[in-house]
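What follows is a short report on a single structure.
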Number of protein chains: 2
Amino acid sequence: MVPYKDLERLLVAVDCIILGFDGAKLKLLLIKRGFEPEKNKWSLMGGFVQPNENSLESAKRVLKQLTGLSGVYLEELRAFSNPDRDPEERILSLAYFALIDINQYQKQLSNDYQAEWFELDQIPTLIFDHNDMVKSAIRRLRYKAALHPLLFELLPEKFTIPQLQILYEAVYDTIFDKRNFSRKVLSLELLVKQKDKEKESSKKGAYFYKLDLTKYETNFQAFLNFIPNAHLYL
Amino acid sequence: MVPYKDLERLLVAVDCIILGFDGAKLKLLLIKRGFEPEKNKWSLMGGFVQPNENSLESAKRVLKQLTGLSGVYLEELRAFSNPDRDPEERILSLAYFALIDINQYQKQLSNDYQAEWFELDQIPTLIFDHNDMVKSAIRRLRYKAALHPLLFELLPEKFTIPQLQILYEAVYDTIFDKRNFSRKVLSLELLVKQKDKEKESSKKGAYFYKLDLTKYETNFQAFLNFIPNAHLYL
DNA sequence: TCAAAAGTGTTGTATATACACCCATGA
DNA sequence: TCATGGGTGTATATACAACACTTTTGA
């Protein structure tokens with residue numbers, strides 16, 4: 001008997017939900033699709049899984065192609081596998097979501113793809129099931145960031161507590177008490193206070209902090225209970 | 001231009017990590033693989049994604065084939081996609097984990113597959129990367145059950161608080177204070193006390209409880225903080 | 001009557017929340 | 001000097017963990 005005979009083989013793709021934070025709003029990076037079907041429509045950046053790579057490697061490659069970045073936070077969301085999701089041919093797609101420091105993002109690369117950042121409440125209609133992928137990624141982000149110190153991935157190396165708070169408030173679309181917020185953040189003992197201040201956004205200036213990378217990695221799995229009643233915002 | 005030309009198509013499979021609880025231990029359902037390669041070795045139950053179904057539907061079909069059950073808890077873990085994970089031909093596999101009531105499981109069906117239940121610390125060497133899939137599933141179970149009322153899926157319709165505690169203790173391989181445990185469980189207000197008692201395992205007998213299904217569904221997303229310092233056990 | 005498991009209550013500790021004022025600085 | 005945002009402290013309520021005794025009943 002010949003194994004695996006007479007079985008359908010599928011195209012397997014990865015699609016990346018790339019999120020960034022511009023200091024005020026969470027944003028999603030989209031491209032104008034360069035080929036048929038659905039050419040010139042807004043789309044997630046994606047690519048096909050190649051013979052020599054696994055799906056995570058594909059996602060890293062695709063991410064680097066568009067942003068120039070590697071070593072960033074990247075996590076598999078889930079498979080999107082409805083038989084007719086692409087009208088041209090069946091494609092199973094693995095959605096990955098990535099959190100990047102928007103300042104590191106290299107603009108020139110994405111010119112090739114006519115890429116643009118969109119605020120989350122202004123996302124256009126995307127091809128296929130890409131809007132579902134985005135929704136799913138936002139949910140996952142909120143879920144995970146409520147429990148793990150994930151959002152630091154969206155900030156530059158040096159950041160202030162007020163910047164961090166704005167980020168959390170953007171993700172959960174709510175506001176936090178700044179006294180309780182900073183106490184909670186600092187009690188994690190993940191942050192190292194710097195000598196210098198950020199002076200753009202206020203006269204007094206806010207101290208910069210850096211992540212203590214060692215503690216960040218060892219404590220990442222610890223549950224934070226960071227967002228009170230987080231499920232209300234999922 | 002012909003879209004999607006010259007791209008590799010892959011076999012796409014689903015593999016199911018099926019977990020049950022026999023009243024004392026967590027157990028994993030394995031089969032003896034019936035075809036080459038690796039014929040007669042222990043394996044997860046799996047199957048190929050068919051042209052007319054998405055991957056979740058495949059997993060449901062595969063699960064029903066082996067256990068006779070449908071409507072049980074089933075969740076996608078992640079893709080396993082290393083190019084050489086199957087020596088015969090490249091197969092991308094989506095791992096799903098399932099929680100079933102072991103009493104509902106229909107033994108005769110799985111005779112066809114020479115299926116057996118294994119305690120978690122006695123799992124044999126499995127084909128391909130199936131041992132990794134199992135490890136990954138256990139981690140996910142511990143993670144999720146620490147936050148959501150998930151383990152009820154492993155119990156029969158009527159169960160006692162002591163039975164529930166044994167289950168939690170099996171999953172986390174630790175012991176809990178029974179006074180704090182029952183108070184915490186009952187404070188969820190998910191359980192409805194029954195009039196009758198379970199008298200097999202003690203002279204006094206323990207009251208049966210049933211899940212309040214309405215509250216179960218609406219509160220599933222609420223975070224429990226059920227396991228103190230859960231990350232220590234992940 | 002006694003062994004074995006079920007069931008229940010209290011108290012101290014830690015954690016989270018709510019809330020108001022002073023500080024530093026550039027305009 | 002004043003308006004703006006940064007930074008801090010305290011009192012209260014809530015949640016959690018530790019802990020011991022009584023109840024039931026079959027053998």
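Worth knowing before you read on, the calculation uses all heavy atoms, side chains too, and leaves out hydrogens, waters and symmetry mates. What you see is a predicted model, and the numbers here were worked out from it, not measured in a lab.
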Practice item. Round to a whole Å and report the spacing from CD of B:Gln165 to P of C:dA5. Key: 13 Å

Point to revise | Interatomic distance, B:Phe176 CZ vs C:dA6 C1' [rounded to whole Å] | key: 19 Å

**Study point:** Proximity of B:Tyr73 and B:His148 rings by center, below 6.0 Å
**Key:** no

Exercise for review: Report yes if the distance between the aromatic ring centroids of A:Phe80 and A:Phe128 is under 6.0 Å, otherwise no.
Suggested key: no

Practice item. For the pair A:Leu155 and A:Phe21, evaluate side-chain contact (heavy atoms from CB on, under 4.5 Å) and give the outcome as yes or no after the intermediate values. Key: CA-CA 7 Å; A:Leu155 291 172; A:Phe21 176 64; 3.9 Å; yes

**Study point:** Closest-nucleotide 5' rank along DNA chain C - winner of B:Tyr209 and A:Ser202
**Key:** B:Tyr209

Would you tabulate the pairs of protein nitrogen or oxygen atoms and nucleotide nitrogen or oxygen atoms of nucleotides 9-11 of chain C closer than 3.5 angstrom?
| residue | atom | partner | partner atom | Å |
| --- | --- | --- | --- | --- |
| C:dG9 | O6 | B:Arg183 | NH2 | 2.9 |
| C:dT10 | O4 | B:Arg183 | NH2 | 3.4 |

Exercise for review: Please determine if B:Lys193 forms a cation-pi arrangement with B:Tyr209, meaning its NZ or CZ atom is less than 6.0 Å from the six-membered ring centre and no more than 45° off the ring axis.
Suggested key: no

Point to revise | Gap between atoms CD and P, on B:Gln194 and C:dG7 respectively (whole Å) | key: 13 Å

Exercise for review: Please check if atom CD in A:Gln122 has more than 12 non-hydrogen atoms from other residues, nucleotides or ligands closer than 6.0 Å.
Suggested key: yes

Practice item. Kindly indicate whether the side chain of B:Lys199 and the base of D:dG26 share any N or O donor-acceptor pair separated by less than 3.5 Å? Key: no

Check your understanding: NA contact type, B:Thr160, heavy-atom cut-off 4.0 Å: base, sugar-phosphate, or nothing?
Key -> nothing

Practice item. Measure distances between side-chain N and O atoms of A:Lys204 and base N and O atoms of D:dG7, and say whether any donor-acceptor pair falls under 3.5 Å. Key: no

Check your understanding: B:Lys197 near the nucleic acid: base, sugar-phosphate alone, or nothing, with a heavy-atom cut-off under 4.0 Å?
Key -> nothing

Check your understanding: Tell me: CG of B:Leu164 to C1' of C:dA6, nearest whole Å?
Key -> 15 Å

**Study point:** CG/B:Leu186: more than 12 non-hydrogen atoms of other groups inside 6.0 Å
**Key:** yes

**Study point:** 5'-most by nearest nucleotide on DNA chain D - A:Gln163 or B:Lys203
**Key:** A:Gln163

Practice item. Can you tell me the distance, in whole Å, between the CD1 atom of A:Ile166 and the C1' atom of D:dG6? Key: 12 Å

Check your understanding: For the pair made of NZ in A:Lys193 and C1' in D:dT8, what is the distance, rounded to whole Å?
Key -> 10 Å

Practice item. May I ask you to evaluate whether A:Lys178 reaches the phosphate of C:dC19, defined as a side-chain N or O under 4.0 Å from OP1 or OP2? Key: no

Practice item. Find the distance B:Phe181:CZ to C:dG7:C1' and express it as a whole number of Å. Key: 14 Å

**Study point:** B:Glu116/B:Lys32 ion pair, N-O < 4.0 Å
**Key:** no

Point to revise | Rounded interatomic separation in angstrom, taking CG from B:Leu186 and P from C:dA6 | key: 14 Å

